[in-house]
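Please read the structure below before turning to the comments.
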Amino acid sequence: MAKMTVQLASLPVKESYVTLEEKSGEVSITSLPYKIVGEQNSRVALTSAQVQSSKKTPHVTYSVVHAIQGRLRLRVPRLRNDKDYGQRLQTLLEADPLVTTVKIKPAAASLVVNYKASAVTDAKMRSRLGCLMIAASDPGIVLLNPKKVSPQEEEKPWPGMQLSVLATGLAVLGGPLGVAVPPIVTAGTIALATLPVFKRAVDGIVKERKLSIDFLDFIAIAITTVQGQFLTPSLMLSLIEIGENIRDRTARSSKMQTLDLLGSLGQFAWVERDGEKTQIPIQQVLPGDTVIVYPGEQIPIDGTILRGKALLDEQKLTGESVPILKKQGQSVFASTLVREGQVYILAERIGNDTRAGQSIKLMEEAPVHDTRMENHATRIAEIAVVPTLLLGAAVFAVTRNPVRVASILTLDLCTGIRVSIPTTVLAALSYAARQGILIRSGRALEQLAEIDTIVFDKTGTLTQGEVAVIGVDSYNPEVTHDRILAIAAAAEQRLTHPVAEAIVRYAEAQQVAIPSRSKWDYKLGLGVKAEIDGETVYVGSERFLRQEGVDMAALNGNGHKATSVIYVASNGQLQGKIRYSDILRPESREVISQLMTVEGVEVHMLTGDNKRTATTVAAELGIAPAHTHAEAFPEQKATVVRGLHEQGKTVAFVGDGINDSPALAYADVSVSFAHGSEIARETADVVLMQNDLHGLLEAIAIARQAKSLIRQNTGIVAIPNLGALLVAVLFGLNPLAATVVNNGSTIVAGVNGLRPILKQSPKKALPAER
């Protein structure tokens with residue numbers, strides 16, 4: 001049995017220790033006397049009513065059943081027998097800012113925790129859970145800041161669907177089946193089921209100052225109910241509720257989640273204060289602090305390098321695919337990664353004031369569209385309200401027959417349109433999900449069918465987002481390409497630079513035998529010198545080789561123009577070069593070509609890369625120079641998208657990084673990948689779960705077919721209802737017959753709308769229909 005004592009550094013605690021004992025996969029936690037106190041800016045603040053004596057130390061045993069990144073399943077035997085402990089633990093876990101969801105099953109002694117994997121490692125999260133399980137053992141623990149765990153209870157939904165189904169059942173029993181059901185019971189059930197319709201009708205009159213389709217529905221239901229024709233209003237109510245439920249399911253909440261930049265940068269930062277290095281919560285870093293960033297860490301602030309140098313990966317922020325060497329006096333930005341080196345940075349901007357923070361702010365300030373199916377289903381239906389009311393009034397004035405009026409109001413087109421169109425949308429979204437395409441809302445589907453312009457981010461979207469070797473050239477006829485690659489890979493092995501990793505990967509893929517190296521010396525941002533097979537080998541930039549006295553005459557003065565090249569020399573002579581690039585995705589050319597030639601879409605490319613690189617990539621893809629935008633920071637990307645939108649274009653933007661999030665937010669339709677940054681995924685209307693651009697073509701095809709089906713369904717509903725309406729006006733029509741026509745057309749349209757999910761071959765792309 002192994003014992004260790006750990007400080008509760010992951011919680012805002014003082015004088016807090018626990019003892020962990022591990023045996024046979026189970027961890028036993030025993031607390032020493034402790035006191036947990038909240039800090040001023042802490043979201044989780046705990047306190048103990050009494051400091052327990054060491055004679056009564058709480059004891060918690062647990063085992064990890066299953067663990068993946070972002071999710072832990074634990075078995076905690078105490079949960080089975082201690083209900084109060086389970087409630088306290090649930091409260092503390094729900095209050096923790098790193099925890100997203102908690103599920104406790106006492107009967108199975110099971111605890112499942114989903115957490116923000118981007119903000120904390122698995123090991124730290126396990127330690128944090130251990131601390132919280134100990135804290136929950138103390139009955140005196142109370143939550144000082146119950147902000148997260150005490151939300152207002154959600155209002156329970158009105159059981160409209162259940163009531164309408166019950167009313168239909170009672171109407172069938174009391175009508176066609178002849179069962180003696182008191183009319184007051186059936187009428188009362190219909191009245192209760194009608195309350196949501198009545199409320200929406202009143203809201204339309206009072207708040208929106210218009211007669212809505214709900215008003216028309218309410219009048220028809222009221223007339224037929226008063227006449228004792230209970231089957232007609234109950235069927236109407238059932239269909240209305242079906243339509244409302246489908247509409248809500250295909251809608252996306254317009255309230256966007258607050259995206260926390262600091263949460264994606266880790267929990268702590270090293271600062272130098274009064275000559276001492278201290279690790280503090282990232283939220284406590286202040287402008288003027290000296291922040292120290294080590295290899296493998298993200299820079300948490302914007303600032304200027306005071307001393308040191310580092311190789312920085314800025315792809316998340318700028319889209320630049322190749323790391324950049326930065327030294328004293330140069331500016332660095334939050335969310336960029338230190339690949340190699342160590343730097344001391346003067347903090348100038350923190351949190352939302354950083355360039356990455358401003359990207360998030362731009363995104364949050366973007367217009368949020370009403371996505372509760374603000375589509376032409378409602379618009380078309382509402383156009384028919386006033387004419388239907390006027391027609392009903394005219395017929396009543398002539399015939400004084402309320403039955404004929406009820407028939408006219410029943411044949412209102414509204415119900416069929418309101419049910420069939422959301423059904424089509426829901427079917428299309430379901431089919432898209434089966435194809436690995438997440439479309440978040442009905443509005444996104446509608447806009448996707450209308451797009452005429454698509455803007456692509458380059459790095460990680462059109463390209464693979466990582467450096468790859470594209471060729472090896474020899475300057476010495478006596479030295480083969482394989483030999484150049486072999487000695488370069490030997491010199492570069494175990495270095496963390498992306499180009500070094502790419503060379504080693506390429507050598508392994510080419511099955512080149514990589515010799516061993518003895519002594520080696522790596523110069524940050526320049527290259528590496530190594531002893532290999534008795535030769536002194538240099539691999540690096542032209543400047544590095546010249547500094548080392550290598551004869552570079554073979555370049556003929558052209559070497560400086562090739563920036564995506566690394567040179568290889570041995571024994572003072574230039575032997576060859578290795579060309580590398582951020583290569584295109586295999587499907588990029590095909591997808592771009594099909595978008596422009598088949599779909600008739602205007603394609604633009606945005607990138608943070610330099611103009612020369614951007615132009616080269618655009619030429620490979622067939623994108624016009626006028627549609628290529630280089631050296632674009634997030635704010636410029638958003639400006640380009642806004643400009644296209646202001647020209648009257650319907651714009652889709654495809655990107656996957658923090659630097660893309662503002663442009664994603666301002667586009668009519670935003671598209672990202674499942675492997676993109678968390679912020680990009682949250683911003684996107686469409687997420688390609690298979691990380692393949694072919695999914696974009698599939699999504700457009702699905703959207704256009706859905707649009708075609710919506711047009712068909714409108715005709716399916718309108719034609720029979722208009723025909724029946726003509727009969728009702730001229731000759732009269734029984735309300736039940738009118739309901740059959742109305743509901744029958746609705747059912748036919750609904751089934752037609754389900755065609756996408758009835759397809760036999762889910763892998764087959766849907767045809768593009770305009």
Side-chain angles (χ1 to χ4, degrees), residues 312-326 333 335-336 355-356 359 362 453-471 498-499 502 558 560-566 579-593 595-596 601-644 647 649 651-664 666-667 670-673 676-677 680 693 696:
L312 298 183
D313 183 346
E314 297 187 335
Q315 182 172 328
K316 279 179 76 174
L317 183 66
T318 67
E320 179 69 47
S321 54
V322 178
I324 299 172
L325 179 67
K326 292 201 173 181
F333 306 101
S335 82
T336 57
R355 178 167 279 171
S359 296
L362 270 172
T453 303
I454 299 181
V455 181
F456 287 92
D457 173 60
K458 180 184 77 70
T459 307
T461 303
L462 293 173
T463 67
Q464 295 187 3
E466 64 177 25
V467 174
V469 173
I470 57 175
V499 177
N558 296 321
H560 67 280
K561 295 180 181 179
T563 55
S564 298
V565 166
I566 195 165
R579 290 174 283 115
Y580 62 90
S581 175
D582 178 14
I583 61 175
L584 292 173
R585 286 175 174 267
E587 74 274 15
S588 290
R589 290 187 185 89
E590 178 191 348
V591 170
I592 295 296
S593 174
L595 284 171
M596 291 192 294
V601 173
E602 182 179 298
V603 175
H604 290 247
M605 186 183 79
L606 280 170
T607 178
D609 273 345
N610 59 67
K611 192 168 185 178
R612 184 184 62 81
T613 302
T615 302
T616 301
V617 174
E620 287 186 64
L621 293 170
I623 298 174
H627 295 164
T628 304
H629 313 271
E631 300 176 357
F633 273 103
E635 53 269 28
Q636 282 91 44
K637 292 186 177 185
T639 299
V640 170
V641 172
R642 278 200 303 256
L644 291 169
Q647 294 174 25
K649 300 181 184 296
V651 184
F653 183 85
V654 189
D656 69 341
I658 290 179
N659 59 314
D660 300 323
S661 54
L664 285 165
Y666 278 95
S670 51
V671 184
S672 189
F673 295 99
S677 70
L693 283 174
L696 178 60

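Position 1 is the first residue of the sequence, and the numbers go up from there.
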Problem - Contact check, side chains of Val671 and Ile454, non-hydrogen atoms, under 4.5 Å - result: no
Handout entry: Closest non-hydrogen atom pair between Ile470 and Ser581, with its separation
Key = CD1-CB, 4.0 Å
Problem - Contact check, side chains of Phe673 and Leu693, non-hydrogen atoms, under 4.5 Å - result: yes
Practice task
Could you grab the distance from atom NE2 of His629 to atom OG1 of Thr639, nearest 0.5 Å is fine?
Solution key: 11.5 Å
Exercise for the section: Could you check if a side-chain atom of Leu621 sits within less than 4.5 angstrom of a side-chain atom of Phe456, using non-hydrogen atoms only? Expected result: no
Exercise for the section: Find the distance between CZ (Phe653) and CG (Leu644) and round it off to the nearest 0.5 Å. Expected result: 11.0 Å
Practice task
Can you see which heavy atom on Ser672 is nearest to which on Gly655, and at what distance?
Solution key: OG-O, 2.9 Å
Exercise for the section: Starting at CD of Glu587, measure out to CD1 of Ile592 and round the result to the nearest 0.5 Å. Expected result: 10.0 Å
Problem - Side-chain donor or acceptor of Ser593 paired with backbone N/O of Arg589 under 3.5 Å - result: no
Practice task
Could you grab the distance from atom OG1 of Thr336 to atom CD1 of Ile324, nearest 0.5 Å is fine?
Solution key: 9.5 Å
Handout entry: Contacts of type side-chain contact (heavy atoms from CB on, under 4.5 Å), residue Ala618, not counting sequence neighbours
Key = Met605, Ile623, Thr628
Handout entry: From Thr453 atom OG1 to Glu602 atom CD, the distance as rounded to the nearest 0.5 Å
Key = 4.5 Å
Exercise for the section: Name all residues meeting the side-chain hydrogen bond (donor to acceptor under 3.5 Å, both in side chains) criterion together with His627; count only those two or more places apart in sequence or in a different chain, and write none if there are none. Expected result: none
Exercise for the section: Check whether any side-chain heavy atom of Thr607 sits under 4.5 Å from a side-chain heavy atom of Leu462, and report yes or no. Expected result: no
Handout entry: Smallest separation among heavy atoms of Tyr580 and Val467, with atom names
Key = CD1-CG1, 3.5 Å
Practice task
Check whether any side-chain heavy atom of Lys637 lies under 4.5 Å from a side-chain heavy atom of Asp457, and answer yes or no.
Solution key: yes
